[in-house]
Amino acid sequence: MTKKVCLSFDFEEFDLPTEHGVDIPLEDQIMVSVKGAERVLDILKEEEVHATFFVTGVFATHAPQIIQRLVAEGHEIGSHSMRHSEMQPADLADSKQLLERLTGKNVYGYRQPRMMPISDQQLYDTGYQYNASLNPTWIPGRYNHLRKPRTPFMKDNLLQIPASVTPWLRFPLFWLSNHVLPQWLYLWLVRRTLRHDGFFTTYMHPWEFYPLNEHPEWRVPCYIRGCCGPDMELRLRKLIRNLKQEDAFFSTLNS
């Protein structure tokens, strides 16, 4: 069986503290994400892996050096709307046009911030070819998609690419699982899912690769910040190397 792995990252402004009542300046949000983005790109370059990056218009505008690296190093760029905290009707088209102007590349994919629902018809009408906004699991207060397919499928002329969940119980294998589970268990679940489906995709954020433990004033929950920074760099390297041992090939979502 062919085994395909698609790593993806949501390159966005670091607005997580605002969910916990902390007003963090935009320049600090960008600084955290830029520093984390640099570590992500360094690791992918060293491991010779290409990935897909869903980028907000705000982050792209304030971090042109990261956009330049994404293009130069052969990664795919998709839209993550204009900003991570709120969305306006025009953002689907505006973000696509902005990213295409900055990169000189066509933007085919879209991921809604926080994997929230988005109209497939609007995406199709705007010119997107795939939607990567589905987490096909149940998480109280966030997602209830137990009846949705677990692997890529077509809907209304638009390819849907769900984040991977286990075949049994639909345990999510997204970024947070890689924080809260012992890594040996997370890697075991990933390998089992890859062998079952022949496909694995997950998503992470640049701020996970910044040492958030040094900033308790941002009130990031301990179960998130505990593995951020160098620990997450190590986890990403181990994930990549474990998947290479499965004879999987790495690809962008649009390939």
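Remember, predicted model here, so these are calculated numbers, not experimental data. Below, all heavy atoms of this structure are taken into account, side chains as well, without hydrogens, waters or symmetry copies.
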Residues in side chain to side chain donor-acceptor pair (under 3.5 Å) contact with Q68, at least two apart in sequence or another chain:
none
My understanding is that only residues two or more places apart in sequence, or in another chain, count here; which of them pass side chain to side chain donor-acceptor pair (under 3.5 Å) with Q121?
D125
Donor-acceptor pairs under 3.5 Å, side chain of residues 132-142 to any protein atom, not counting sequence neighbours: which ones?
unit_1 : atom_1 : unit_2 : atom_2 : d
S133   : OG     : Q112   : N      : 2.8
S133   : OG     : N131   : OD1    : 2.5
T137   : OG1    : R170   : O      : 2.7

Run the side-chain hydrogen bond (donor to acceptor under 3.5 Å, both in side chains) test on R83 and S95 for me, step by step, so that the C-alpha distance in whole Å, both residues' side-chain angles and the decisive distance to 0.1 Å come before the verdict.
CA-CA 9 Å; R83 56 196 62 81; S95 61; over 6 Å; no
Which residues satisfy the side chain to side chain donor-acceptor pair (under 3.5 Å) test with Y143, sequence neighbours excluded?
none
For atom CH2 of W168, is the number of surrounding heavy atoms from other residues, nucleotides or ligands below 6.0 Å larger than 12?
yes
Does T126 reach the main-chain N or O of Y128 with its side chain, forming a donor-acceptor pair under 3.5 Å?
no
Residues pairing under side chain to side chain donor-acceptor pair (under 3.5 Å) where one sits in residues 18-38, two or more places apart or in two chains, turn out to be E19-R114
Just to verify, what does R241 make a salt bridge (Lys or Arg N to Asp or Glu O under 4.0 Å) with, not counting sequence neighbours?
E47
Report yes or no: does D91 contribute a side-chain atom to a donor-acceptor pair with the main-chain N or O of Q88 at less than 3.5 Å?
yes
Can a side-chain donor-acceptor contact be found between R111 and S81 if the only test is distance below 3.5 angstrom?
no
A quick test of your reading: do over 12 heavy atoms of other residues, nucleotides or ligands sit less than 6.0 Å from NZ of K3?
yes
Nearest heavy atoms of P152 and I161, plus distance in Å:
CG-CG2, 4.3 Å
Considering residues, nucleotides and ligands other than F250, do more than 12 of their heavy atoms fall under 6.0 Å from its CZ?
yes
Non-neighbouring partners of K155 that pass salt bridge (Lys or Arg N to Asp or Glu O under 4.0 Å), sequence neighbours left out
D120
Please collect all side chain to side chain donor-acceptor pair (under 3.5 Å) contacts where either partner lies in residues 207-225, sequence neighbours excluded, each pair once.
E12-W207, H179-E208, H205-E208, Y210-H215, N213-R225, H215-E217
Which pairs, with at least one residue in residues 189-202 and sequence neighbours excluded, count as a side chain to side chain donor-acceptor pair (under 3.5 Å)?
R150-D197, R191-N242, R195-E246
Are F174 and V180 connected into the same hydrophobic cluster when the rule is that any two of I, L, V, M, F, W, Y join if their side-chain heavy atoms are below 4.5 Å apart?
yes
Is there a donor-acceptor contact under 3.5 Å from the side chain of E73 to the main chain of K45?
no
Pairwise side-chain contact, L236 with F9, heavy-atom cut-off 4.5 Å (strictly under)
yes
Would E233 and R237 pass as an ion pair if we require N to O under 4.0 Å?
no
L169 atom CG: more than 12 heavy-atom contacts under 6.0 Å:
no
Those residues that, when tested against D156, pass salt bridge (Lys or Arg N to Asp or Glu O under 4.0 Å) (two or more places apart):
none
Quick one: side chain to side chain donor-acceptor pair (under 3.5 Å) partners of T252, sequence neighbours excluded?
S255
Quick one: side chain to side chain donor-acceptor pair (under 3.5 Å) pairs with a partner in residues 48-65, sequence neighbours left out?
E13-T56, T52-E76
Side chains of I118 and M87: does their closest heavy-atom pair fall under 4.5 Å?
yes
How are the rings of H75 and F53 set relative to one another: parallel (under 30°), tilted (30 to 60°) or perpendicular (over 60°)?
perpendicular
Which heavy atom of S8 sits nearest a heavy atom of L253, and at what distance?
CB-CD1, 4.4 Å
Contact check, side chains of L158 and Y130, non-hydrogen atoms, under 4.5 Å:
no
